[in-house]
Protein chains: 2
Amino acid sequence: GSFVGDKPDVVGVNDFVRTKIPFESRANLAKSAVARRLFSLMASKRTNLCLAADLTKGDEILDIADKCGPYICLLKTHIDIVEDFSESFIASLKALAARHQFLLMEDRKFADIGNTVSLQYGKGIYKISSWADLVTAHTLPGRSILQGLKAALGGEDAAGGDVAAERGVFLLAEMSASGNLIDDKYKETSNKIATEGGDVDFVAGVVCQSANCFAFPGLIQLTPGVKIDESVDKLGQQYQTPEHVVKERGADIAVVGRGILQAKNVAQAAQTYRDRLWTAYTERVAK
Amino acid sequence: GSFVGDKPDVVGVNDFVRTKIPFESRANLAKSAVARRLFSLMASKRTNLCLAADLTKGDEILDIADKCGPYICLLKTHIDIVEDFSESFIASLKALAARHQFLLMEDRKFADIGNTVSLQYGKGIYKISSWADLVTAHTLPGRSILQGLKAALGGEDAAGGDVAAERGVFLLAEMSASGNLIDDKYKETSNKIATEGGDVDFVAGVVCQSANCFAFPGLIQLTPGVKIDESVDKLGQQYQTPEHVVKERGADIAVVGRGILQAKNVAQAAQTYRDRLWTAYTERVAK
């Protein structure tokens, strides 16, 4: 702006500096243990691709997870659209995650009062907290959403470890749907919820569409709506290219769904997205 | 305000006029067929009580639905916290709804892009659209949330009827959690989504905390967080009395959860809430 030189815009610089820091360094800055794990995994496996496995049949999800597993850091599920959900499906999914080394994120978009999200996270058929390393949540209900989710984790797991330390949340600070109601004030408050207060150790990252959404380099930016062919679907979803979201939009992890799911060869498509996303990232940090 | 007399505040008057109109008259004004059904049922059964059956065991939900059924117009579920969910549970719940004459609302708070909510509403283990007369949805993703939900309903049911006409949505324009991120602009846009555009026939009402949230008398105001003893729970939920929400806050239907669930005699508690809420309503329209 007009003050460059005399009065450098320090806030502006900080806003973007995180996108220049390599993942392995950011792992050390993260306050969430799961974020540290995920940053390290991304750096060692050399992938910042998240596959959105939005399929309604368990076997199809397992098949695509097995084929794309080598190329992804994260597999994102909508468990409540799976028509033949079972405990053995979860066991198989966890086995694939361990074999191919990726984390599991249930994209539940929790958005209720604390007491309810606590039950939704820990109880019911899905028992999400028992298998999903990460979940997504809206900040709409306020800070109590973090307290509610944490309440579901209780204190210790069967082995005496700290359960909360093995789990994390991605908070939504922006949405990719056209005409959504999120404005600057909403984003600012979401940023505060993600970075201030006693529950920041539970926040692994932020789901958003732009680099200036948050500054803290210990958080991971997850950006959905990524497709090699830019487009808009008939229900308002907007797509952007891998290079654009990583270099211009600040995405650390890019979420690809239909771009891979609808490919003739899903493994090859995953590899292509992995390559283009990783190259964009290395160019971003090298610049 | 200061213009009373010379320049009457017409907008202000319209904002509150709907709370003076009896339910049976408002039934004729509703654009949603389910809203018409619900208004008529409230008027004939003389109840504006919604029971929030936030329990994790199917049998407990069926038991409380049977005991409280005679006093309620609506039973609200969080189906994803039920640990022993099954198709026979849904069949039993529907039978109780038919016997005692109340509608079913799944409080799913849909909050994703159109394509995803379409799958979450119609698919998965729960097949919510097949049994829930009503669902709740956040307006956060914008207008596409209505299009996405409608897309799940397809065209016709097995009997050749219009499925969409038998289903409806309550849109959240406010939340009862302290510190939530909803502001005046958000409320205003929510109001527009509920009352303008091609999908208004699918909107049965608005979940909110105050009478000035919307003006159109064909929509139903559903207000959660109601308890005879006002209080705040340890996860940020705020409670208000039956009389306060109906008379001061404009609630047409009041949602009571823990006030009934935690009572020694749940049927008696439901009757007490029904009596107090209905009396408050009759006094409100008589004034």
Side-chain angles (χ1 to χ4, degrees), chain A residues 52 54-56 78-85 107-120 122-128 136 138-145 147-148 151 172 175-183 185-186 189-190 193 224-225 233-238 257-258, chain B residues 52 54-56 78-85 107-120 122-128 136 138-145 147-148 151 172 175-183 185-186 189-190 193 224-225 233-238 257-258:
Chain A
D54 297 342
L55 298 164
T56 57
H78 280 298
I79 203 66
D80 58 346
I81 70 171
V82 180
E83 306 211 302
D84 50 357
F85 174 87
D107 190 9
R108 177 57 177 77
K109 293 190 175 65
F110 289 105
D112 214 313
I113 60 170
N115 186 60
T116 300
V117 298
S118 174
L119 294 168
Q120 290 171 326
K123 303 279 183 181
I125 293 274
Y126 301 135
K127 293 177 180 59
I128 296 168
T136 56
H138 281 298
T139 50
L140 189 66
R143 201 172 278 283
S144 56
I145 194 117
Q147 290 144 13
L172 273 93
M175 289 191 80
S176 51
S178 56
N180 75 74
L181 272 62
I182 294 176
D183 59 13
K185 197 177 141 203
Y186 187 106
T189 314
S190 299
I193 293 174
D233 83 357
K234 63 180 195 290
L235 293 172
Q237 169 74 328
Q238 302 166 119
R258 285 172 261 181
Chain B
D54 298 341
L55 298 164
T56 57
H78 280 297
I79 203 66
D80 59 346
I81 70 170
V82 180
E83 306 211 303
D84 50 358
F85 173 86
D107 190 9
R108 175 59 178 76
K109 292 189 176 67
F110 290 104
D112 214 313
I113 60 170
N115 186 60
T116 301
V117 299
S118 174
L119 294 168
Q120 290 172 327
K123 303 278 182 179
I125 294 275
Y126 301 135
K127 293 177 181 58
I128 295 168
T136 57
H138 282 297
T139 50
L140 190 65
R143 201 173 279 281
S144 56
I145 193 115
Q147 290 145 12
L172 273 94
M175 289 191 79
S176 52
S178 56
N180 74 74
L181 272 61
I182 293 176
D183 59 13
K185 197 177 140 204
Y186 186 105
T189 314
S190 299
I193 294 173
D233 82 357
K234 63 181 195 290
L235 294 172
Q237 169 74 327
Q238 304 166 117
R258 284 173 260 184

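These numbers were taken from a predicted model, which means no experiment stands behind them. A note on names: the letters A, B, ... follow the listed sequences, proteins ahead of strands, and every chain is numbered from 1.
Nearest approach of A:Arg258 to B:Ile113, heavy atoms of both residues: NH2-CD1, 4.3 Å. Among all heavy-atom pairs drawn from A:Leu181 and B:Ser190, the shortest one is CD2-OG, 3.9 Å.
Across B:Lys127, B:His138, B:Arg108, the residue that shares the most heavy-atom pairs under 4.5 angstrom with chain A is B:Arg108. Interface remark: of the candidates B:Thr189, B:Asp112, B:Ile79, B:Asp112 forms the most heavy-atom pairs closer than 4.5 Å to chain A. For the set B:Arg143, B:Glu83, B:Lys123, the count of heavy-atom pairs under 4.5 angstrom toward chain A peaks at B:Glu83. Between chain A and the residues B:Asp107, B:Ile128, B:Asp80, B:Val117, the largest count of heavy-atom pairs under 4.5 Å involves B:Asp80. The residue among A:Leu119, A:Ile125, A:Thr116 with the most heavy atom pairs within less than 4.5 Å of chain B is A:Ile125. Contact count against chain B (heavy-atom pairs under 4.5 Å) is highest for A:Asn115 among A:Asn115, A:Ile145, A:Leu172. Among the candidates A:Ala111, A:Gly114, A:Ala177, the residue making the largest number of heavy-atom pairs closer than 4.5 Å to chain B is A:Ala111. The residue among B:Gln120, B:Gln147, B:Lys185 with the most heavy atom pairs within less than 4.5 Å of chain A is B:Gln120.
Interface residue A:Ile193: only side-chain heavy atoms are found under 4.5 Å from chain B. Only the backbone of A:Ser178 comes within contact range of chain B, with heavy atoms under 4.5 Å apart. The parts of A:Thr139 that come within reach of chain B are both its backbone and its side chain, each placing non-hydrogen atoms under 4.5 angstrom from that chain. For A:Asp183, the part sitting under 4.5 Å from any heavy atom of chain B is the side chain, from C-beta outward, and nothing else.
Residues A:Leu140 and B:Ile182 meet the side-chain proximity criterion, which asks for heavy atoms closer than 4.5 Å.
Residues satisfying the side chain to side chain donor-acceptor pair (under 3.5 Å) test with B:Ser144, not counting sequence neighbours, are none. Checked against ring pair (Phe, Tyr, Trp, His ring centres under 6.0 Å), B:Phe85 has the following partners two or more places apart in sequence or in another chain: B:Tyr126.
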